[in-house]
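Bear in mind the structure is a predicted one, so any value in this text is a computation, not a measurement. Position 1 is the first residue of the sequence, and the numbers go up from there. Computed from heavy atoms alone, side chains included, the values below leave out hydrogens, waters and symmetry copies.
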Amino acid sequence: MNRIRMQLLMALVGLLAAALPLAMMTWLSWHHAANTAQAQLRETAERALERADRSYQQALSALQAMQHSPLAPCSPEHIQLMQTRVVTTSSVDQISYFQQGRVRCTSWGRPVDVPAPSQPDHTTADGAILQLDIEPRAPYGRCMLSLRLDDYEALMDPYHFVDLIGARDIRIAIATPDGRLIAQQSLPDQALLQSLLRDPRTGDDGTLLFASARSEAWLAVVTTPRTGISGIFLQQAWVLVPVSLLLGAAAMAGTLALSRRRYSLKGELSHAIRRNELYVVYQPIIELETGICVGAEALVRWRRADGSEVRPDLFIPLAEASGLIGAITDEVIERVIVDMRDLLVGDRSAHIAINLAPEDMISGRALKVIAAKLAGTGIANQQIWLEATERGFMDIEKARAVISAARALRACGGHR
């Protein structure tokens, strides 16, 4: 791979290294913003349950107090007491007294004689009867919610159950546990509301975020536009995005540093070959059956002028990629002949193995170099073994031709 292509690749890697943290942080910010919005909705739903229960308990307490009143029913004092209960109970708008299934008087003080509401819509755990959409016995202009306990009834504006302070784009609905709607703040998607009343859940339909909460007495449904996530996302982005930019900058700096090191190492390697900084170490080859050392494998090493060693797994691939591997192979062959000539001439059973790079294996150049270098040394051709890694067989046809040539040389005293 030439320098320009490598530089382009490094630039691309650097851009990816810079962009990936930003993309990850952006995704995490959005995901966290969505979770935060859902958590806020669930919290609002829980607060709506508390609000509904508080309104109910206030009305129930007022009715229980009226049950214990010793005053004569529908007397001026009795009516005044009902009026006082209405004034002091924020969730109650009217109290009525029943006798023999008919309304006899109300907190308005008007004598009435109308039948009691028909079949109840819901009975609470306290034994109170809840009825929805009751026509008021006073001009409230809208249907009311009826809560009846024994001889008394409290009429309540259903809005008391959803009168909860929160974000202006949040909408709340309260229903009985079995899904009968009591009150709502004009939820924008009524079909979704009906679905949530039948099957309470938390989620996102692509337009609205929604959450549900249920207690033994009430069911709360809360929705908000999905665009609300953007506000939370932007708040978090002020923290997470700068962090991602710092991480991206660090990653790009690391990539650039690695690129500089690579090209700097290439220049150093070229100079090292010229200054003879490469040397060869020999790893003994032991015959397992006899335990005798029958040869050695020549391994190239690089020691800088300052005495520091460069690992072979760093400079060998670099040499292969930059076209310097041929010069290193030549240096190894030269060092083997100088270092091991006496041993190989004195012991014809000994051999030295030299590793061939893929380039040398494919081109066959190393065979010509070895033949030329061995001439006149007294070293037999078969004492030099050539080893190639699987990478040397990438071009199988060329590699096969080189192997055939090596075998032909071995047949006439050539290489193994």
Would you mind reporting whether Q38 and D204 have side-chain heavy atoms less than 4.5 Å apart?
-> yes
Side-chain contact, heavy-atom cut-off 4.5 Å: H122 with T124?
-> yes
Would you please indicate yes or no on a ring centroid separation below 6.0 angstrom for Y152 and Y97?
-> yes
Can you check side chain to side chain contact (heavy atoms under 4.5 Å, CB included) on V336 and I354, steps first, answer last?
-> CA-CA 9 Å; V336 166; I354 298 175; 4.2 Å; yes
For I328 and A319, the nearest pair of non-hydrogen atoms, with its separation, is CD1-CB, 3.6 Å
Quick one: NE2 on H160 to CD1 on I174, what's the gap to the nearest 0.5 Å?
-> 14.0 Å
What one should report as the nearest heavy-atom pair of S270 and R274 is OG-NH1, 3.0 Å
Please round to the nearest 0.5 Å and tell me the distance separating atom CZ of R301 and atom CZ of F315.
-> 7.0 Å
Between the side chain of S107 and the main-chain N/O of I95, is any donor-acceptor distance below 3.5 Å?
-> yes
Begin with the C-alpha distance, continue with both residues' side-chain angles, and end with the deciding distance and a verdict on side chain to side chain contact (heavy atoms under 4.5 Å, CB included) for R148 and Q131.
-> CA-CA 8 Å; R148 183 177 175 185; Q131 285 194 292; over 6 Å; no
Run the side chain to side chain contact (heavy atoms under 4.5 Å, CB included) check on L196 and L192 step by step: do they pass?
-> CA-CA 6 Å; L196 294 174; L192 175 62; 4.0 Å; yes
Counting only N and O atoms by type, is there a donor-acceptor contact under 3.5 Å from the side chain of Q185 to the main-chain atoms of I172?
-> yes
Donor-acceptor contact present, side-chain T84 to main-chain Q80, <3.5 Å | yes
Side-chain touch H78/M82, heavy atoms, less than 4.5 angstrom | yes
How far does CZ of R304 sit from NE2 of H271, to the nearest 0.5 angstrom?
-> 13.5 Å
To the nearest 0.5 Å, atom CD of E297 lies from atom OH of Y282 at 12.0 Å
Side-chain contact, heavy-atom cut-off 4.5 Å: Y56 with L130?
-> no
So, Q94 and T106: side-chain donor and acceptor under 3.5 Å apart, yes or no?
-> no
Ignoring hydrogens and angles, tell me if any N or O in the side chain of Q99 forms a donor-acceptor pair with the backbone of D151 under 3.5 Å.
-> no
Without hydrogens or angle criteria, can the side chains of S90 and Q58 be said to hold a donor-acceptor pair below 3.5 Å?
-> yes
Heavy atoms only: give me the nearest T89-A62 pair and the separation to one decimal.
-> OG1-CB, 3.8 Å
With side chains defined as the heavy atoms from C-beta onward, is the minimum distance between L149 and L60 less than 4.5 Å?
-> yes
Got a donor-acceptor contact below 3.5 angstrom from the R214 side chain to the S212 backbone?
-> no
Distance in Å, I182 CD1 paired with T176 OG1, rounded so as to fall on 0.5 Å steps | 6.0 Å
Go through the steps to decide whether D330 and R365 satisfy the test salt bridge (charged side-chain N to carboxylate O under 4.0 Å, His left out), and finish with yes or no.
-> CA-CA 10 Å; D330 293 351; R365 186 193 66 86; 2.9 Å; yes
On a heavy-atom basis, the closest approach of S146 and E153 is OG-OE2, 2.7 Å
Are the side chains of L187 and L208 in touch, meaning some heavy atoms are under 4.5 Å apart?
-> no
For the pair E387 (side chain) and N355 (backbone), establish whether a donor and an acceptor sit closer than 3.5 Å, ignoring hydrogens and angles.
-> no
Which atom names give the shortest non-hydrogen contact between P158 and A183, and what distance separates them?
-> O-CB, 3.1 Å
Side chain to side chain contact (heavy atoms under 4.5 Å, CB included) assessment of V369 paired with T329 | CA-CA 9 Å; V369 173; T329 300; over 6 Å; no
For the side chain of Q383 and the backbone of D347, is there at least one donor-acceptor N/O pair under 3.5 Å apart?
-> yes
Between the side chain of D126 and the main-chain N/O of A128, is any donor-acceptor distance below 3.5 Å?
-> no
Taking the side chain as every heavy atom from C-beta outward, state whether V162 and R51 have any pair of such atoms under 4.5 Å apart.
-> no
How about E216: does its CD atom have over 12 heavy atoms from other parts shown lying under 6.0 Å from it?
-> no
I325 side, atom CD1; L356 side, atom CG - distance, nearest 0.5 Å = 10.0 Å
So do I370 and L386 actually touch side chain to side chain, heavy atoms under 4.5 Å?
-> yes
Heavy-atom closest contact (P317 atom, P312 atom, distance) | CD-O, 3.6 Å
